[in-house]
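The structure appears below as C-alpha coordinates.
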Amino acid sequence: MFSIIGTIIIGFIAGVIAKFLMPGDNEPSGFILTTILGIVGAFVATFIGQAVGWYGPNQGAGFIGAIVGAVIVLAIYGFVAGRSRTTTL
(Lines give C-alpha, C1' and ligand atoms only; values in the text may rest on other atoms or scores of the structure.)
Protein backbone atom coordinates (compact mmCIF):
# COMPACT_ATOMS: atom_id res chain seq x y z
CA MET A 1 0.00 0.00 0.00
CA PHE A 2 2.75 2.45 0.89
CA SER A 3 4.69 1.59 -2.25
CA ILE A 4 1.71 2.65 -4.38
CA ILE A 5 1.39 5.93 -2.50
CA GLY A 6 5.14 6.47 -2.80
CA THR A 7 5.00 5.79 -6.54
CA ILE A 8 2.17 8.32 -6.90
CA ILE A 9 4.09 11.00 -4.99
CA ILE A 10 7.30 10.36 -6.91
CA GLY A 11 5.33 10.28 -10.17
CA PHE A 12 3.73 13.62 -9.35
CA ILE A 13 7.12 15.24 -8.86
CA ALA A 14 8.60 13.38 -11.85
CA GLY A 15 5.76 14.62 -14.09
CA VAL A 16 6.48 18.23 -13.20
CA ILE A 17 10.21 17.76 -13.81
CA ALA A 18 9.58 15.88 -17.08
CA LYS A 19 7.44 18.77 -18.32
CA PHE A 20 10.33 21.15 -17.69
CA LEU A 21 12.70 18.78 -19.50
CA MET A 22 10.36 18.30 -22.50
CA PRO A 23 8.56 21.55 -23.29
CA GLY A 24 6.70 21.71 -26.58
CA ASP A 25 3.47 22.38 -28.40
CA ASN A 26 2.31 18.76 -28.46
CA GLU A 27 2.84 18.17 -24.76
CA PRO A 28 -0.07 18.56 -22.36
CA SER A 29 -0.31 22.12 -21.14
CA GLY A 30 -2.46 21.46 -18.09
CA PHE A 31 -0.88 20.90 -14.72
CA ILE A 32 -3.27 18.07 -13.85
CA LEU A 33 -2.72 16.16 -17.11
CA THR A 34 1.05 16.56 -16.84
CA THR A 35 1.12 15.17 -13.32
CA ILE A 36 -1.20 12.30 -14.26
CA LEU A 37 1.14 11.39 -17.12
CA GLY A 38 4.04 11.62 -14.66
CA ILE A 39 2.30 9.21 -12.30
CA VAL A 40 1.63 6.86 -15.22
CA GLY A 41 5.32 7.16 -16.15
CA ALA A 42 6.33 6.21 -12.63
CA PHE A 43 4.09 3.14 -12.74
CA VAL A 44 5.49 2.23 -16.18
CA ALA A 45 9.05 2.59 -14.87
CA THR A 46 8.16 0.46 -11.83
CA PHE A 47 6.58 -2.25 -13.99
CA ILE A 48 9.48 -2.35 -16.47
CA GLY A 49 12.04 -2.27 -13.66
CA GLN A 50 10.38 -5.19 -11.90
CA ALA A 51 10.05 -7.13 -15.18
CA VAL A 52 13.73 -6.65 -16.00
CA GLY A 53 14.81 -7.40 -12.43
CA TRP A 54 16.09 -3.97 -11.40
CA TYR A 55 13.50 -3.71 -8.62
CA GLY A 56 12.12 -6.30 -6.24
CA PRO A 57 8.43 -7.22 -6.04
CA ASN A 58 7.68 -4.61 -3.37
CA GLN A 59 9.97 -1.87 -4.68
CA GLY A 60 8.94 1.07 -6.78
CA ALA A 61 10.91 2.96 -9.37
CA GLY A 62 13.48 5.37 -8.04
CA PHE A 63 13.29 9.07 -8.66
CA ILE A 64 15.46 9.01 -11.79
CA GLY A 65 13.59 5.99 -13.15
CA ALA A 66 10.28 7.77 -12.61
CA ILE A 67 11.53 10.85 -14.45
CA VAL A 68 12.71 8.71 -17.38
CA GLY A 69 9.35 6.90 -17.42
CA ALA A 70 7.49 10.21 -17.34
CA VAL A 71 9.59 11.62 -20.20
CA ILE A 72 8.85 8.49 -22.25
CA VAL A 73 5.11 8.75 -21.55
CA LEU A 74 5.13 12.47 -22.39
CA ALA A 75 6.98 11.76 -25.65
CA ILE A 76 4.44 9.10 -26.62
CA TYR A 77 1.58 11.41 -25.67
CA GLY A 78 3.11 14.23 -27.75
CA PHE A 79 3.51 11.91 -30.73
CA VAL A 80 -0.08 10.62 -30.51
CA ALA A 81 -1.60 14.05 -29.80
CA GLY A 82 0.39 15.66 -32.60
CA ARG A 83 -0.68 12.98 -35.04
CA SER A 84 -4.36 13.27 -34.12
CA ARG A 85 -4.28 17.06 -34.53
CA THR A 86 -2.81 16.90 -38.02
CA THR A 87 -5.21 14.26 -39.35
CA THR A 88 -8.44 16.09 -38.53
CA LEU A 89 -10.14 17.86 -41.43
Side-chain angles (χ1 to χ4, degrees):
M1 179 69 172
F2 290 114
S3 65
I4 293 174
I5 293 172
T7 302
I8 290 172
I9 292 170
I10 289 175
F12 173 79
I13 297 168
V16 173
I17 292 173
K19 178 62 179 171
F20 286 119
L21 293 176
M22 275 190 67
D25 294 334
N26 292 337
E27 310 320 342
S29 58
F31 179 74
I32 303 275
L33 186 58
T34 301
T35 55
I36 289 173
L37 289 176
I39 292 169
V40 170
F43 277 108
V44 167
T46 299
F47 177 74
I48 291 172
Q50 287 176 352
V52 173
W54 293 338
Y55 307 121
N58 293 326
Q59 289 181 326
F63 189 66
I64 302 297
I67 291 173
V68 170
V71 167
I72 290 170
V73 170
L74 283 172
I76 291 170
Y77 177 84
F79 179 73
V80 170
R83 178 170 280 206
S84 66
R85 284 186 200 155
T86 58
T87 58
T88 57
L89 297 173

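No hydrogens, no waters, no symmetry mates; every other heavy atom, side chains included, goes into these values. This structure is a prediction, so every number in the text was calculated from the model and none was measured.
Residues meeting the side-chain contact (heavy atoms from CB on, under 4.5 Å) test with Ala45, sequence neighbours left out: Ala61. Every residue meeting the side-chain contact (heavy atoms from CB on, under 4.5 Å) condition with Ile17, not counting sequence neighbours, appears here in chain and number order: Ile13, Leu21, Phe63, Ile67.
Here the closest heavy-atom approach between residue Ala70 and residue Ala14 is recorded as CB-O, 4.0 Å.
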